[in-house]
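One structure is given here, and the rest of the page talks about it.
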Amino acid sequence: MSQAPVTTSRRPEPVTLLFDVRSPWCYQTSRWLRRLAELGEVTLGWGVFSLEVVNLHGDEDPAGYDAEYGPALRVALALREEHGPAAIGDFYAAFGTRMWETPASVSTGLPDVPELTRQALADIGIDPGYAEAVLADEGTWTAVLGEHRHWADELRVFGVPTLLIGDERRVLFGPVLRALPGDDDCRELWRHLRGLAALGTVYELKRFKSLQSRADLPNAVPRADLRVADMRAARALMGPGGPCAGASLEWAMGRVRAQRAAAVDGAGE
């Protein structure tokens, strides 16, 4: 049973979440923000930011990079431009539910990003064919890069989740949540966070999180395992004399995905 919305006497604060669908931590933050919206604490807006692009080396052109999560970001941004802010938020919620919370099929395993994108569109009542139309237009990747560069260059955003708080758009990275708090803790966290965000003297608060730490989501571990396998294959290509020597890890992982896709296509011939 879903929790009933609760209203407050204070005017809800506008908050924009900059997200990348690839991050389980960002998805957890979005769940917290959605509950805050239901509790009457915030109103929500959405922007896209690419972790793959921010991790590229300076001499690697993102315009020619086949980003794994690019299809979802391109569709998300197109939805916001064509259908309004509610549509991008609904899509992100549906995509995140599919990616992080929906059990994998025994026969097919975890779906890839294009399939998740189509499923999420269907979940929000939009023809899955919308994804093909968006991805056929190379300008939609240019639009993602333009928005990413705006946040990175103008507001010094470096990762997700990043919040833009209030009409002044105070920029704050976090909070990074292992699990969704209960309602009282949701409110308490928000009140502390917005207070800290208003203090220009506070730069950072952090608690130790190891590389093995995982968000409390059903698919966080299997998704991480897939990424680790790709990272290992990419590092093999980055060795001296290798085809990706001197490249960033993200660029080399793109090469791994391309090799895998070529092998699948070859097997189908």
Side-chain angles (χ1 to χ4, degrees), residues 15-37 41-42 44-56 67-70 72-73 76 88-89 91-104 110-111 113 116-117 120 144 147-148 151-152 155-165 170-182 185-190 192-194 196-197 202-231 249-250 253:
V15 176
T16 296
L17 173 65
L18 308 185
F19 70 88
D20 187 339
V21 295
R22 125 173 170 176
S23 171
W25 305 104
C26 191
Y27 176 64
Q28 287 288 54
T29 302
S30 76
R31 296 176 68 216
W32 167 68
L33 286 170
R34 289 178 191 283
R35 186 55 190 154
L36 285 177
E41 298 284 348
V42 302
L44 292 179
W46 311 90
V48 300
F49 186 87
S50 173
L51 294 175
E52 292 173 272
V53 170
V54 82
N55 288 333
L56 294 176
E68 181 177 10
Y69 292 90
L73 296 182
I88 185 175
F91 172 78
Y92 180 34
F95 188 100
T97 300
R98 288 278 185 178
M99 181 167 181
W100 300 113
E101 300 190 75
T102 304
L110 292 168
V113 175
L116 287 168
T117 301
V144 169
E147 175 145 330
H148 171 94
W151 304 130
L155 298 183
R156 302 293 181 89
V157 174
F158 54 85
V160 298
T162 290
L163 308 185
L164 311 180
I165 300 175
R170 299 183 299 274
V171 181
L172 190 73
F173 176 80
V176 177
L177 304 174
R178 182 185 61 81
L180 181 66
D185 287 340
C186 276
R187 285 196 180 99
E188 192 70 11
L189 174 59
W190 168 239
H192 285 302
L193 185 140
R194 66 193 294 269
L196 288 170
V202 177
Y203 276 114
E204 186 171 341
L205 289 173
K206 199 163 186 177
R207 178 177 287 158
F208 176 75
K209 177 169 70 69
S210 75
L211 291 175
Q212 287 72 44
S213 298
R214 299 287 180 258
D216 188 12
L217 293 164
N219 292 340
V221 170
R223 289 277 180 194
D225 289 345
L226 291 175
R227 179 165 173 78
V228 168
D230 277 0
M231 290 171 67
L249 180 60
E250 293 289 357
M253 289 175 70

Just wondering, more than 12 heavy atoms not from R178 lying within 6.0 Å of its CZ?
no

Can you measure from CG (L180) to CG (L217) and round to the nearest 0.5 angstrom?
9.5 Å

Do W46 and T16 have side-chain heavy atoms sitting under 4.5 Å apart?
no

Straight-line distance of W32 CH2 to R187 CZ, nearest 0.5 Å
13.0 Å

CA sep, side-chain torsions, deciding dist, call: E250, R227, salt bridge (charged side-chain N to carboxylate O under 4.0 Å, His left out)
CA-CA 11 Å; E250 293 289 357; R227 179 165 173 78; 3.3 Å; yes

When every non-hydrogen atom of K209 is compared with those of V176, the smallest separation belongs to CE-CG1, 4.2 Å

Shortest non-hydrogen contact from R223 to P111?
NH2-O, 3.0 Å

Non-hydrogen side-chain atoms of R31 and E101 separated by less than 4.5 Å:
yes

Could you walk me through whether V171 and V157 pass side chain to side chain contact (heavy atoms under 4.5 Å, CB included), step by step?
CA-CA 8 Å; V171 181; V157 174; 4.2 Å; yes

Those residues at least two apart in sequence (or on a different chain) that pass side chain to side chain contact (heavy atoms under 4.5 Å, CB included) with D185 are P181

What verdict does the side chain to side chain contact (heavy atoms under 4.5 Å, CB included) test give for V21 and L116, after you've listed the backbone C-alpha separation in whole Å, the side-chain angles of each residue and the deciding distance to 0.1 Å?
CA-CA 11 Å; V21 295; L116 287 168; over 6 Å; no

In Å and rounded to the nearest 0.5 Å, what is the CE to OG1 distance from M99 to T117?
10.0 Å

Go through the steps for W151 and E147 under the test side chain to side chain donor-acceptor pair (under 3.5 Å), then give the verdict.
CA-CA 6 Å; W151 304 130; E147 175 145 330; 3.3 Å; yes

Could you grab the distance from atom CZ of R34 to atom OH of Y92, nearest 0.5 Å is fine?
8.0 Å

Mind checking whether D20 and C26 have side chains closer than 4.5 Å, heavy atoms only?
no

Between the CZ atom in F49 and the CZ atom in R22, the distance rounded to the nearest 0.5 Å is 11.0 Å

Locate the shortest heavy-atom distance separating A224 from R214; write the atom from each residue and the value.
CB-NE, 3.3 Å

Hey, does V15 have a side-chain heavy atom less than 4.5 Å from the side chain of L36?
no

Within the structure provided, determine whether L193 and I165 are in side-chain contact (heavy-atom separation under 4.5 Å).
yes

Heavy-atom side-chain proximity of W100 to P218 below 4.5 angstrom:
no

Partner residues of V228 under the side chain to side chain contact (heavy atoms under 4.5 Å, CB included) criterion, sequence neighbours left out
R232

Rounded at 0.5 Å granularity, tell me how far CG in L51 sits from CG in L56.
11.0 Å

Which heavy atom of R35 sits nearest a heavy atom of C186, and at what distance?
CG-SG, 4.3 Å

Grab the two heavy atoms, one from A120 and one from F91, that are nearest each other, plus how far apart they are.
CB-CE1, 3.7 Å

Examine distances only and state if a side-chain atom of T29 and a backbone atom of P175 form a donor-acceptor pair shorter than 3.5 Å.
yes

L73 vs E52 side-chain heavy atoms within contact, under 4.5 Å
no

Grab the two heavy atoms, one from N219 and one from P103, that are nearest each other, plus how far apart they are.
OD1-CA, 4.4 Å

Within the structure provided, determine whether L155 and L18 are in side-chain contact (heavy-atom separation under 4.5 Å).
no

